[in-house]
Protein chains: 2
Amino acid sequence: MPERTGPPGRRPRADAQRNRSHILDVAEGYFAEHGIAGSLDAIARRAGVGPGTLYRHFPNRDALLAALLEARNAELVSRRDRIHDEAADATEALERWLEALGDWVAAFDGLPEPLRAALREESSPLALTCEGFITTTDDFVRAARDEGGARPGVRGRDVFLGVLAMAWVRGAAMADDQAPPALDALLRTGWAAPADEA
Amino acid sequence: MPERTGPPGRRPRADAQRNRSHILDVAEGYFAEHGIAGSLDAIARRAGVGPGTLYRHFPNRDALLAALLEARNAELVSRRDRIHDEAADATEALERWLEALGDWVAAFDGLPEPLRAALREESSPLALTCEGFITTTDDFVRAARDEGGARPGVRGRDVFLGVLAMAWVRGAAMADDQAPPALDALLRTGWAAPADEA
DNA sequence: CGACCATACGGAGACACCCTCCGCTTTGTC
DNA sequence: GACAAAGCGGAGGGTGTCTCCGTATGGTCG
């Protein structure tokens, strides 16, 4: 995908394309190693380009992140389609979708933070992606609700935020290896025991 | 509470005590205004002291935060006692405790982040406080479970992390005024509808 | 009351990060 | 081969964290 959207100008010069994709490669490794908060200047240095070059291609951290996520977004979308094809019922589909979302958001250490910021600030390349997946989540939730598998009143947006929140807090419980499944269970069924009478 | 723990040396000089408490006052206002991430040097400036003075009293942001929370911790503890006295049953007690925890963690905008970091890094003045409240949460959870109000297998630590996570993600949904209650409900009962047969 | 010393103060400044601006080089084209 | 546009690199401004050290201040003891 060499072009952002439409072709308003002619296509970029060869060296620009080379630099862009090399920066992306380096950033991928750097973020995987140091987490999402690593220094952008350091990435430029490691890529052997000046800071100006990096910032021309990606005006800020979110833009770089968004470009990095592009490939994974595609994977997530195809996973959504696969779930639609394979899942026996809507509840299982929702479960599998949430698992896929959880994997997506765990692509880099610290990713939940910029996603949350994008959701609040709106004007971020990440915001659009998130809104798309929120809509998808809502579709899954509605289907599960129609089937009786999801609680009425629960919105896709809330569940998405829940997944984000759990992924975020998971980072606090490294040593505790029973925390991840416990947090997933918490999001699924909550802490309260089902009451015969509320 | 003029002394940290025990009296290992003589008590601090008068000007030191004055500065310390004045810095605390200013920081309270500054964090309330700009959120937890505001500049520490700016706080020092507003307090009319050099940066060195601020950093001598509070070696880092966490230390300052911990000192600021001290008063609220006391309030939270007394609220816990009040809940113990007043709550009709253990489930209601847990509910009210979680509400109290939610208020505590919302004391400053952005507070969840350093709390999470403290929990993972361990060596932070905030970590000890958190661990204490995790234990308290576990007590409430156990009592509710014995009564049948809380799901078996749910640990106090997980619920505490859940409260933290929901408080964190709440910051993403400012404009959406139905998100806060929805997130609380999500933590309480999850997204899944209670099944007659699992 | 004056001298002495530990304690505490202030601010200069080292360092890291983000990001911009601009003179120079590279690329594509005629 | 020459010319313009596109792109490059890095110097440097702004901000923030945190340290170091010469100096001032407060408590104490003769």
Side-chain angles (χ1 to χ4, degrees), chain A residues 2-4 7-27 30-31 33-67 110 113-114 117-118 121 123-126, chain B residues 2-4 7-27 30-31 33-67 110 113-114 117 121 123-125:
Chain A
E3 280 301 321
R4 275 262 131 301
R10 68 168 69 67
R11 79 193 227 282
R13 254 165 54 175
D15 53 348
Q17 288 176 271
R18 236 182 307 119
N19 274 329
R20 184 186 145 90
S21 89
H22 184 222
I23 289 170
L24 242 22
D25 281 353
V26 169
Y30 197 86
F31 281 156
E33 206 175 313
H34 299 83
I36 230 72
S39 155
L40 297 189
D41 279 26
I43 291 174
R45 272 195 303 278
R46 189 189 276 195
V49 302
T53 299
L54 188 151
Y55 283 97
R56 191 169 334 97
H57 285 289
F58 311 102
N60 52 50
R61 188 179 302 270
D62 276 10
L64 180 53
L65 236 33
E113 182 54 57
E121 314 231 342
S123 64
S124 160
L126 296 172
Chain B
E3 279 301 321
R4 276 262 130 300
R10 70 167 69 68
R11 80 192 224 281
R13 252 165 54 174
D15 54 347
Q17 287 176 269
R18 235 183 308 121
N19 275 328
R20 183 186 145 89
S21 88
H22 184 222
I23 289 170
L24 242 24
D25 280 353
V26 170
Y30 197 86
F31 281 157
E33 206 176 313
H34 299 83
I36 228 73
S39 154
L40 296 189
D41 277 30
I43 291 174
R45 273 195 302 277
R46 189 189 276 196
V49 303
T53 300
L54 189 151
Y55 283 97
R56 192 169 332 99
H57 286 290
F58 311 101
N60 52 51
R61 190 179 299 270
D62 275 12
L64 180 53
L65 237 33
E113 181 56 57
E121 314 231 342
S123 66
S124 159

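Bear in mind that the values here come from a model prediction, so they are computed numbers and not experimental data. In what follows, chains are A, B, ... by sequence order, proteins preceding strands, each numbered from 1.
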Side chain of Ser39(B): nearest nucleotide among dG26(D), dG28(C), dT17(D)?
dT17(D)

Between dC18(C), dC18(D), dA8(C), spot the one nearest the side chain of Pro51(B), thanks.
dC18(D)

Nearest-nucleotide wise, let me know which of Val49(A) and Pro59(B) is further upstream toward the 5' end of DNA chain D.
Val49(A)

Minimum-distance nucleotide to Arg56(A) side chain [options: dT17(D), dC19(C), dG7(D)]:
dG7(D)

Spacing of CG belonging to Leu40(B) relative to CG belonging to Asn60(B), to within rounding of 0.5 Å
8.5 Å

With sugar-phosphate meaning primed atoms plus P, OP1 and OP2, does Arg45(B) contact a base, only sugar-phosphate, or nothing at under 4.0 Å between heavy atoms?
nothing

Minimum-distance nucleotide to Asp15(A) side chain [options: dG7(D), dG16(D), dC9(C)]
dG7(D)

Is the closest basic N to carboxylate O distance between Arg61(B) and Glu113(B) below 4.0 Å?
no

Rounded to the nearest 0.5 Å, how far apart are CZ of Arg20(A) and CG of Asp15(A)?
14.0 Å

From dG9(D), dC19(C), dG26(D), nucleotide with atom closest to Leu40(A) side chain
dC19(C)

Closest to the Thr53(A) side chain: dG10(C), dC8(D), dC18(C)?
dC8(D)

Measuring to OP1 and OP2 of dC9(C), would you say a side-chain N or O of Asn19(B) lies under 4.0 angstrom away?
yes

How about Asn19(A) and Thr53(A): does a side-chain donor come under 3.5 Å of a side-chain acceptor?
no

Rounded to whole angstroms, how far apart are CG on Asn60(B) and P on dG16(D)?
18 Å

Rounded to whole angstrom units, what separation is found between the CZ atom of Arg13(A) and the P atom of dT26(C)?
10 Å

Separation of Tyr55(B) atom OH from dG13(C) atom C1', in whole Å?
14 Å

Name the closest nucleotide to the His57(B) side chain, picking from dC17(C), dC18(C), dC9(C).
dC9(C)

May I have the distance from Phe58(A) (atom CZ) to dC18(C) (atom C1'), rounded to whole angstrom?
17 Å

Straight-line distance of Leu64(A) CG to Ile23(A) CD1, nearest 0.5 Å
8.0 Å

If each of Gly50(B) and Gly52(A) is mapped to the nucleotide of DNA chain C with the nearest heavy atom, which maps nearer the 5' terminus, i.e. the 5' end?
Gly50(B)

Nucleotide dG11(C), atom C1' - distance to CG of Asp41(B) in whole Å
10 Å

Send over the distance from Arg20(B) CZ to dG26(D) P, rounded to a whole Å.
19 Å

Could you state the CG-P distance from Leu54(A) to dG7(D), rounded to the nearest angstrom?
15 Å

Arg61(A) CZ to dC17(C) P, in whole Å, measures 10 Å

Side chain of Pro12(B): nearest nucleotide among dT27(C), dA8(C), dG10(C)?
dA8(C)

